[in-house]
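Below is one structure, written out as structure tokens, with a few remarks after it.
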Amino acid sequence: MNKDIEKVLVTEEELRNISRKLGEKITKDYQGKKLLIVGVLKGSIYFLTDLSRYIDLPCNIDFIQASSYGSETVSSGTIKIIKDIRDDLTGFDVLLVEDILDTGRTLKHIHDMLSKRNPKSIAVVTLLDKPERRVADISADYIGVDVPNEFVVGYGLDYNQFYRNLPYIGILKREIYEK
């Protein structure tokens, strides 16, 4: 599988440090608040797991799953909610956990949808930010690291449901997805 990776962008150690740093900041910012962490599946699962270990607060965790990619490398622009959250958001400070903020279409759709459910607040934490690709009017409140406009996989991010289990973030070789 490593033979399919052109370059490692974020190492395992860097991922741990990002989760720790963001978790400590979120702990400080959410002291005394009723925190609900909402992971955007499937990509955020590794990041959410590691990040939540560094959030030293009582919190609820739920998941939402949306899709706009299918087996493509670019978003179709059509957002489909596959799994909705179960919790009532009333009174919660919601923290959306995303693997990568790319075009922003999916995250904006989720943010707008959840905003209508009476949360006290909604913030976004993303492991990776790719601001040059943004087309939707949304940004993250907490950012792990900016990445170049390359197709990245690993640590939850996939190509056609593969490569999620890589313990680092890497650039996928073009010949893999341009077949």
Side-chain angles (χ1 to χ4, degrees), residues 9-10 14-15 18-19 21-23 25-26 29-30 35-52 55 61-85 87 89 92-161 163-164 166 168-172 174 177-178:
L9 285 179
V10 188
E14 290 169 326
L15 289 166
I18 288 167
S19 293
K21 180 185 78 167
L22 291 173
K25 175 81 170 116
I26 290 164
D29 292 351
Y30 282 84
L35 178 60
L36 172 62
I37 299 171
V38 177
V40 180
L41 294 174
K42 296 178 185 174
S44 74
I45 191 68
Y46 291 90
F47 177 49
L48 181 143
T49 300
D50 290 344
L51 174 69
S52 66
I55 297 175
I61 297 176
D62 205 341
F63 297 93
I64 191 165
Q65 186 175 7
S67 178
S68 69
Y69 281 79
S71 62
E72 301 302 317
T73 59
V74 294
S75 171
S76 67
T78 302
I79 313 303
K80 177 181 174 186
I81 299 297
I82 298 166
K83 183 218 174 290
D84 203 345
I85 63 170
D87 291 326
L89 299 185
F92 276 99
D93 291 287
V94 175
L95 180 64
L96 287 172
V97 179
E98 181 67 288
D99 55 354
I100 186 167
L101 183 48
D102 194 330
T103 65
R105 288 183 185 119
T106 302
L107 191 60
K108 174 83 168 127
H109 180 85
I110 292 169
H111 186 283
D112 291 351
M113 183 181 84
L114 297 183
S115 293
K116 297 173 184 171
R117 298 184 186 175
N118 298 322
K120 189 171 180 183
S121 69
I122 298 182
V124 173
V125 57
T126 187
L127 173 61
L128 307 176
D129 192 20
K130 203 185 281 188
E132 67 186 84
R133 296 236 327 133
R134 196 90 70 249
V135 296
D137 185 22
I138 192 161
S139 58
D141 302 277
Y142 304 92
I143 298 169
V145 65
D146 286 345
V147 292
N149 189 15
E150 298 283 352
F151 195 80
V152 294
V153 295
Y155 198 66
L157 290 98
D158 74 299
Y159 168 63
N160 203 17
Q161 301 301 320
Y163 304 100
R164 289 188 196 279
L166 290 173
Y168 55 82
I169 305 290
I171 297 173
L172 190 62
R174 287 191 182 275
Y177 60 88
E178 289 183 347

Start with the C-alpha distance between Lys108 and Asp112, add both sets of side-chain angles, then the distance that settles salt bridge (Lys or Arg N to Asp or Glu O under 4.0 Å), and finish with yes or no.
CA-CA 6 Å; Lys108 174 83 168 127; Asp112 291 351; 3.2 Å; yes
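- A heavy-atom distance below 4.5 Å is not found between the side chains of Ile100 and Leu127.
- Rounding to the nearest 0.5 Å gives a distance of 3.5 Å between OG of Ser115 and CD1 of Ile122.
- Between the side chains of Tyr142 and Asp29, at least one donor N or O sits under 3.5 Å from an acceptor N or O.
- Listed here is the closest heavy atom pair of Thr106 and Ala66: CG2-CB, 3.7 Å.
- With a 4.5 Å cut-off on side-chain heavy atoms, Leu172 and Val152 do not count as touching.
- Asp146 places a side-chain heavy atom less than 4.5 Å from the side chain of Pro131.
- In this structure, a donor-acceptor pair under 3.5 Å is absent between the side chains of Ser44 and Asp99.
- The distance from atom CG of Leu95 to atom CG of Leu51, rounded to the nearest 0.5 Å, is 7.0 Å.
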Step by step, would you call Leu101 with Leu107 a side chain to side chain contact (heavy atoms under 4.5 Å, CB included)?
CA-CA 8 Å; Leu101 183 48; Leu107 191 60; 3.7 Å; yes
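- When every heavy atom of Val94 is checked against every heavy atom of Pro119, the shortest pair comes out as CG2-CB, 3.9 Å.
- What you find for Ser67 and Ile82 is that their closest heavy atoms are CB-CD1, 3.6 Å.
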Could you go step by step and tell me if Asp137 and Arg105 meet the salt bridge (Lys or Arg N to Asp or Glu O under 4.0 Å) rule?
CA-CA 8 Å; Asp137 185 22; Arg105 288 183 185 119; over 6 Å; no
Give the intermediate values and the outcome of side chain to side chain contact (heavy atoms under 4.5 Å, CB included) for residues Tyr155 and Leu128.
CA-CA 11 Å; Tyr155 198 66; Leu128 307 176; over 6 Å; no
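- Shown here are the salt bridge (charged side-chain N to carboxylate O under 4.0 Å, His left out) partners of Asp50, two or more places apart in sequence or in another chain: Arg53.
- Side-chain contact between Asn118 and Leu89: absent, with no pair of heavy atoms (C-beta onward) separated by less than 4.5 Å.
- Classification of Asp102 and Arg134 as a salt-bridged pair fails, no side-chain N sitting under 4.0 Å from a carboxylate O.
- At least one side-chain heavy atom of Tyr163 sits under 4.5 Å from a side-chain heavy atom of Leu166.
- In this structure, Ile110 and Val40 have side chains that are in contact, with non-hydrogen atoms separated by less than 4.5 Å.
- To the nearest 0.5 Å, atoms CD1 (Ile143) and CD (Glu98) are separated by 12.5 Å.
- The neighbour count for Lys120 NZ, taken as heavy atoms of other residues, nucleotides or ligands under 6.0 Å away, does not exceed 12.
- Closest approach of Asp158 to Asn160, counting heavy atoms only: OD2-N, 3.4 Å.
- In this structure, Tyr177 has its ring center closer than 6.0 angstrom to the ring center of Phe151.
- For the pair Asp93 and Tyr30, the minimum side-chain heavy-atom distance is below 4.5 Å.
- A donor-acceptor pair under 3.5 Å links the side-chain atoms of Lys130 to the main chain of Glu150, judged by distance alone.
- Distance check: Glu132 CD to Asn149 CG gives 4.5 Å after rounding to the nearest 0.5 Å.
- Between Thr49 atom OG1 and Ile45 atom CD1 the span is 4.5 Å, to the nearest 0.5 Å.
- Taking each heavy atom of Ile61 and Ser52 in turn, the nearest pair found is CD1-CB, 4.3 Å.
- Once rounded to the nearest 0.5 Å, the distance linking OG1 of Thr78 with NE2 of His109 reads 10.5 Å.
- Salt bridge present: Asp84 and Arg117 bring a charged side-chain N and a carboxylate O closer than 4.0 Å.
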Going through the checks in order, is the side chain to side chain contact (heavy atoms under 4.5 Å, CB included) test met by Asp62 and Lys83?
CA-CA 11 Å; Asp62 205 341; Lys83 183 218 174 290; 3.6 Å; yes
Please assess Val124 against His111 for the test side chain to side chain contact (heavy atoms under 4.5 Å, CB included), listing each intermediate value before the final yes or no.
CA-CA 9 Å; Val124 173; His111 186 283; 4.3 Å; yes
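- Side-chain contact between Asp129 and Val145: absent, with no pair of heavy atoms (C-beta onward) separated by less than 4.5 Å.
- For the pair Thr126 and Ala140, the tightest heavy-atom approach, listed with the atom from each and the gap, is CG2-CB, 3.6 Å.
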